[in-house]
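I have placed the structure first, in the form of structure tokens, so that the comments after it can refer back to it.
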Amino acid sequence: MTRLAKYALLAAAMLPLPCCFTGVESTPRISASEVRKEVPAPTAEQRFLTDIAPQRPAEWTPGKAFIVTDPKITVIFTGSSAFDTIAAADTLRFEAMRPVTSFSGEAQTEIILGHGARQYAYRVNLSPDEIAARPSLDIPFTVEQSLVDSVRALLAGNTYHVVTPLWYSASTGRAVTGLRHVPVTVTDVRSGDIAFPLKVYFRPDVTDSSIAPGEYFMYMSVGSERTSTRNFHTLFAFADPRLRYQRITPEIWNLIIHSQVKEGMTRDECRLALGAPATTGQRPTTAGMVEFWQYSDGIYLLFEENILTRFRR
């Protein structure tokens, strides 16, 4: 073999061999059990009041009180008259449960409630045994007095920091724009309405020209049901949030507690002032990508590199 032929064979041997390797073969396969989502631990505020719940029907005894939230309650009673009047905040008292049979032969239960000298029957499409096995039973348009009493015993007299500015005047019942992140002292807990069973009354522990002196209240729910959208942690915080944000200037903090923003504020400062946005996203501009926040009440914020550059109220 000539020297030239030997060099040709050597060069061919050094060429990369054809291969169908794509890189996927070396990628470790991840099973579903190995994929873990980080779930933040519940806060102290979220854990608070979690053991407060309506009393089990099996534990109801004669005299148990239910506070009426709406005079329309008469529509749920069998045989009630148009002349029957039950006012909001009236008290109905449980007297007994008795088995009845529906027109189709199904087992039902009548819950007997007393109002003064009058008795009313609320019919439930469950047998007494089925009711006794349930963790709770709602009487429409009412709140259990024991639920109100339990929450009052835990909140009344304590000082917390409010998270939301959606307050109601105790004197007029009208909604007012309150303050955020200021200390308040709870004065009472009373029955609420058909949507939220509790009203938490409080007095602000600050003096501010934007709010009148006096007592206010907020609606609150308890539990983990679908309607429990205004639990304690959405209304109050145990600690003063100002302590965690000491780098925020007094000028910016004053805007935050009044739910106001201005250009130059950071995303964290805007979130403290307005709460979490309903939607967020990014969009291109001539200056590059900007982040936008939109709130359900129409407020619109634009951020560039974490700084608020424009906003619309």
Q: Verify, without hydrogens or angle tests, whether R134 (side chain) and P57 (backbone) share a donor-acceptor contact under 3.5 angstrom.
A: no
Q. Which heavy atom of C270 sits nearest a heavy atom of L308, and at what distance?
A. SG-CD2, 3.9 Å
(Q) Are H115 and V68 packed together at the side-chain level, in the sense that at least one heavy-atom pair is separated by less than 4.5 angstrom? (A) no
Q. Backbone N or O of I256 within a donor-acceptor pair of the R180 side chain at under 3.5 Å?
A. no
Q) Side-chain heavy atoms under 4.5 angstrom apart, residues restricted to Ile, Leu, Val, Met, Phe, Trp, Tyr: same cluster for I76 and L126? A) yes
Q) Would you find a donor on one side and an acceptor on the other, under 3.5 Å apart, between the side chain of T69 and the backbone of F141? A) yes
Q.
Go through it in stages, so that I can follow the logic: the residues are M218 and V162, the test is side chain to side chain contact (heavy atoms under 4.5 Å, CB included), and I'd like the CA-CA distance, side-chain angles, deciding distance and then a yes or no.
A. CA-CA 10 Å; M218 291 189 291; V162 291; 4.1 Å; yes
Q) Within a strict 4.5 Å, meaning less than it, do heavy atoms of the M97 and P128 side chains meet? A) no
Q. For the hydrophobic clusters of this structure (ILVMFWY residues joined by side-chain heavy atoms under 4.5 Å, transitively), does one cluster hold both V100 and F77?
A. no
Q) Which value, rounded to the nearest 0.5 Å, describes the distance between W253 atom CH2 and R247 atom CZ? A) 15.0 Å
Q. Does any donor atom in the side chain of E144 or Q55 lie under 3.5 Å from an acceptor atom in the other side chain?
A. no
Q) Should Y295 and Y300 be regarded as members of a common hydrophobic cluster, given that ILVMFWY residues are connected when their side-chain heavy atoms come within less than 4.5 Å of each other, either directly or indirectly? A) no
Q: Check Y216, Y219, Y201 against Y168 for a ring-ring contact (aromatic ring centres under 6.0 Å, His included) and give me the one that passes.
A: Y219
Q) Can you name the nearest heavy-atom pair linking R123 to E110, along with the distance? A) NH2-OE2, 2.8 Å
Q: Determine, for D149 against R152, whether the closest basic-nitrogen to carboxylate-oxygen distance falls under 4.0 angstrom.
A: yes
**Q.** Close side-chain approach of V290 to T309, heavy-atom, < 4.5 Å
**A.** no
Q) Measuring from L272:CG to L255:CG, what's the distance to the nearest 0.5 Å? A) 12.0 Å
(Q) Minimum heavy-atom separation for S146 and K64, please, with both atom names. (A) OG-NZ, 3.3 Å
Q: Walk me through it: do E215 and T187 pass the test side chain to side chain donor-acceptor pair (under 3.5 Å)?
A: CA-CA 8 Å; E215 194 174 37; T187 56; 2.5 Å; yes
Q.
Taking the side chain as everything from C-beta on, heavy atoms only, tell me whether V206 gets closer than 4.5 Å to P183.
A. yes
Q: Using the rule that two of Ile, Leu, Val, Met, Phe, Trp, Tyr join whenever any of their side-chain heavy atoms come within less than 4.5 Å, decide whether I86 and V75 are in one cluster.
A: yes
Q) For the atom pair CD (E95) and OG1 (T61), what is the distance rounded to the nearest 0.5 Å? A) 12.5 Å
Q: Could you check whether the rings of Y160 and F236 sit parallel, tilted or perpendicular, using 30° and 60° as the cut-offs?
A: tilted
Q: Hey, can you tell me if F238 and F48 have their rings parallel, tilted or perpendicular (30° and 60° cut-offs)?
A: perpendicular
Q.
With side chain to side chain donor-acceptor pair (under 3.5 Å) as the criterion, how do T185 and D205 come out once you've worked through the C-alpha distance, each side chain's angles and the decisive distance to 0.1 Å?
A. CA-CA 7 Å; T185 298; D205 294 340; 2.8 Å; yes
Q | Donor-acceptor under 3.5 Å (R230 side chain, M220 main chain) | A | no
Q) Side-chain contact, heavy-atom cut-off 4.5 Å: L301 with L274? A) yes
Q. Taking all non-hydrogen atoms of both residues, which atom of S221 and which atom of P197 are closest, and how far apart?
A. CA-CD, 3.9 Å
Q. So how far is it from I52 CD1 to L154 CG, rounded to the nearest 0.5 Å?
A. 5.0 Å
(Q) Would the distance check show the side chain of R242 and the main-chain N or O of I248 forming a donor-acceptor pair, the cut-off being under 3.5 Å? (A) yes
Q.
Please report the interatomic distance OG1(T249) to CD(E251), rounded to the nearest 0.5 Å.
A. 5.5 Å
Q) Backbone N or O of H233 within a donor-acceptor pair of the N231 side chain at under 3.5 Å? A) no
Q: Test L92 against I139 for side chain to side chain contact (heavy atoms under 4.5 Å, CB included), laying out the working first.
A: CA-CA 10 Å; L92 302 179; I139 306 286; 5.6 Å; no
Q. Stepwise, does the side chain to side chain contact (heavy atoms under 4.5 Å, CB included) test hold for L198 with V148?
A. CA-CA 7 Å; L198 303 172; V148 178; 3.8 Å; yes
Q. Taking the inter-plane angle between the rings of F94 and W60 on a 0 to 90° scale, is it parallel (under 30°), tilted (30 to 60°) or perpendicular (over 60°)?
A. perpendicular
Q. Do you reckon V200 sits in the same ILVMFWY cluster as V163, going by side-chain contacts under 4.5 Å, direct or chained?
A. no
Q. Got L113 and T142 here, is their nearest side-chain heavy-atom distance under 4.5 Å?
A. no
**Q.** Interatomic spacing from CZ in R313 to CG in D297 - rounded to 0.5 Å
**A.** 7.5 Å
**Q.** Distance-only side-chain donor-acceptor flag, S210 / D208, under 3.5 Å
**A.** yes
(Q) I want to check a possible cation-pi pair here: K199 against F196, using under 6.0 Å from ring centre and within 45° of the ring axis as the test. (A) no
Q: List the steps and the verdict of side chain to side chain contact (heavy atoms under 4.5 Å, CB included) for H258 and L179.
A: CA-CA 5 Å; H258 289 89; L179 305 176; 3.6 Å; yes
Q: Please name the pair of heavy atoms, one in G264 and one in I307, separated by the smallest distance, quoted to 0.1 Å.
A: CA-CG2, 3.7 Å
Q. Of the non-hydrogen atoms in L49 and F232, which two are nearest, and what is the gap between them?
A. CD1-CB, 3.9 Å
Q) Are Y245 and E269 close enough that some pair of their side-chain heavy atoms sits under 4.5 Å apart? A) no
(Q) A side-chain contact here means heavy atoms from C-beta on lying under 4.5 Å apart; do R267 and W293 qualify? (A) yes
Q) Are R174 and S169 linked by a side-chain donor-acceptor pair shorter than 3.5 Å? A) no
Q.
I'd like to know whether CD of E59 has more than 12 heavy-atom contacts from other residues, nucleotides or ligands below 6.0 angstrom.
A. yes
